[in-house]
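Okay, so here's the structure we're looking at.
Both counts, for ligands and for their atoms, begin at 1 and track the order of listing.
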Amino acid sequence: MTLTVSINNDRRLQLAPLQIPTRLLLGPGPSNAHPAVLQAMNTPPVGHLDPAFLALMDEIQTLLRYVWQTENSHTIAVSGTGTAAMEATIANSVEPGDVVLVGVMGYFGNRLVDMAGRYGADVRSISKPWGEVFSLDELRTAMATHRPAILALVHAETSTGARQPLEGVGDLCREFNCLLLVDTVTSLGGVPIFLDEWGVDLAYSCSQKGLGCPPGASPFTMSPRAAEKLQQRRHKVANWYLDMTLLSKYWGSDRIYHHTAPINLYYALREALRLIAEEGLENCWQRHQKNAEYLWQGLEDLELTLHVPREFRLPTLTTVRIPEGVDGKAISRQLLSEYNIEIGGGLGELAGKVWRVGLMGFNSRPESVDRLLEVLRQVLP
Ligand code: PLP
């Protein structure tokens, strides 16, 4: 081979093989993946249309229906993180001019507002102080005022640690002939969810939290009502990659190439879901609740205050108020650099005011709680 242009070697780094510290990930996500999931991820890839891989995709769809408790045929994993699955719900359901009402009670509600606006929605929002949730009456009043085509809510607001109750909201949406779109990124696998029972029409999640998998393959589901809206669109979905009319030809019986699936991530997701099915959904939710309560007790014993009232507190993510006079960022940095433990800081309204502690998926274990409390006892003044 004769090159007519010489290669610039300025950026030819001579690196040692990858070395990353082992951390205990007790922040808002990602959480540590289950070792069996990492092992499954190491399986050599096959092609994205290989019969073995297509069978695995079917298993993922069935198991996603199980963890979400839905019969929705349009239930897939989007190749991308939770935000891609979030965008898939918006892109497929919103047409320019649609009124989208977003309940904002934290950072991720604001992301929904921004995203829906980019797809041409007439976005209306209602908001709550960070750490609080909407009552059914408040939602009813807002629905009557705005008459939206879509109501979007965050079930588990990771920025605050609050759980938005969803019982009755689906009925409300049917009364107002509106679709219900729900973010379950920090609830799937760790918090009871009954999508069909609650009348949820569009939902999305991620792999790296309650499912105990690395990030990158994100659950998406759409009810028959939402699928009908998609079929009757006046405009094409304004996002080629996330258009369910195209994606469902790959995930459904046609098996037509759409994109090259991240094969190994799907291996990981399949294993993560298999482990939940083995444990049983109810046991899995109970484990998350039990370990969260153990953490809450330990934090209160350290005289720390929890930000969200117990009734609405997420078992997957706990916000802890930083005590007066304590440098919250310095403590988080110390936990990471000296003890290899990651916890999160506050976002938006809660920046500098709280730490965020996640107990999700594989990390929802008494050992994680014991380790964190032991270290906090050492570092807190
Ligand atoms: N929604 C919520 C509630 C989240 O907590 C997150 C991420 O933490 C997202 C959406 C976005 O997911 P990702 O960061 O995987 O894109």
Side-chain angles (χ1 to χ4, degrees), residues 25-33 64 68 76-91 102-116 118 125 127-128 130-134 152-166 181-191 193 195 200 202-221 239 241-242 262 265-266 268-269 272 288 307-308 312-319 342-351 354-361 363-364:
L25 300 177
L26 299 182
S31 58
N32 295 85
L64 284 178
W68 253 328
I76 68 164
V78 169
S79 304
T81 67
T83 308
M86 174 193 267
E87 189 141 357
T89 58
I90 298 279
V102 184
V104 178
M105 49 172 209
Y107 177 90
F108 290 100
N110 282 329
R111 184 174 293 191
L112 280 164
V113 167
D114 185 5
M115 212 177 255
R118 288 166 190 245
S125 64
S127 54
K128 276 286 188 190
W130 289 30
E132 294 183 20
V133 297
F134 295 96
L153 294 173
V154 179
H155 183 215
E157 188 36 272
T158 325
S159 59
T160 69
R163 179 187 54 82
Q164 171 64 53
L166 293 172
L181 187 160
V182 175
D183 178 320
T184 66
V185 168
T186 297
S187 49
L188 189 64
V191 182
I193 304 184
L195 278 199
V200 176
L202 294 133
Y204 58 90
S205 191
C206 74
S207 47
Q208 72 270 17
K209 302 196 191 202
L211 302 185
C213 179
S218 302
F220 163 97
T221 192
N239 185 315
Y241 190 61
L242 300 172
L265 273 172
Y266 286 19
L269 181 61
H288 280 81
H307 181 65
V308 177
F312 302 116
R313 213 177 276 164
L314 285 170
T316 41
L317 195 286
T318 300
T319 34
E342 180 182 88
I343 61 167
L347 280 180
E349 275 184 29
L350 295 178
V354 297
W355 290 299
R356 292 183 299 150
V357 179
L359 287 179
M360 308 179 193
N363 282 352
S364 173

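- Protein heavy atom at the shortest distance from atom 5 (O) of ligand 1 is Thr158 OG1, 2.4 Å.
- Heavy atoms of Ala156 approach ligand 1 to within less than 4.0 angstrom.
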After noting the C-alpha distance and the side-chain angles of Thr184 and Tyr204, does the key distance pass the side-chain contact (heavy atoms from CB on, under 4.5 Å) rule? CA-CA 6 Å; Thr184 66; Tyr204 58 90; 5.9 Å; no
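- Considering backbone and side-chain atoms alike, Glu157 places every N or O at 3.5 Å or more from each N or O of ligand 1.
- Neither the backbone nor the side chain of Ala84 comes within 4.0 Å of ligand 1, counting heavy atoms alone.
- Below 4.0 Å from some heavy atom of Arg111 lie the following atoms of ligand 1, by number and element: 11 (C).
- The protein atom (non-hydrogen) at minimum distance from atom 8 (O) of ligand 1 is Lys209 NZ, 2.7 Å.
- Put simply, the side chain of Ser207 does not reach to within 4.5 Å of the side chain of Leu265, judged on heavy atoms.
- Looking at Cys206 next to ligand 1, no N or O pair under 3.5 Å apart turns up.
- On a distance-only criterion, Asp183 and ligand 1 share at least one N/O pair closer than 3.5 Å.
- Atoms of ligand 1 found under 4.0 Å from any heavy atom of Gly82 (numbered from 1 in listed order, with element): 12 (O), 13 (P), 15 (O), 16 (O).
- The atoms of ligand 1 that sit less than 4.0 Å from any heavy atom of Thr186 are 5 (O).
- Under the 4.5 Å side-chain criterion, counting only non-hydrogen atoms from C-beta, Thr316 is in contact with His288.
- A donor atom on one side chain and an acceptor atom on the other are not found under 3.5 Å apart for Thr221 and Trp68.
- When hydrogens are left out, the protein atom nearest atom 9 (C) of ligand 1 is Phe108 CE2, 3.4 Å; that is the closest non-hydrogen contact.
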With side-chain contact (heavy atoms from CB on, under 4.5 Å) as the test, would you mind laying out the steps for Lys128 and Val133 before giving the verdict? CA-CA 7 Å; Lys128 276 286 188 190; Val133 297; over 6 Å; no
Does the pair Arg356 and Leu350 meet the rule for a side-chain contact (heavy atoms from CB on, under 4.5 Å), with working shown? CA-CA 10 Å; Arg356 292 183 299 150; Leu350 295 178; over 6 Å; no
When you look at Met115 and Thr83, which way does the side-chain contact (heavy atoms from CB on, under 4.5 Å) test go after all the steps? CA-CA 10 Å; Met115 212 177 255; Thr83 308; 3.7 Å; yes
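- For ligand 1, the polar-atom distance check against Thr83 finds a nitrogen or oxygen pair separated by under 3.5 Å.
- Judged by distance alone, with hydrogens and angles left aside, the side-chain atoms of Ser218 form a donor-acceptor pair with the main-chain N or O of Gly80 at under 3.5 Å.
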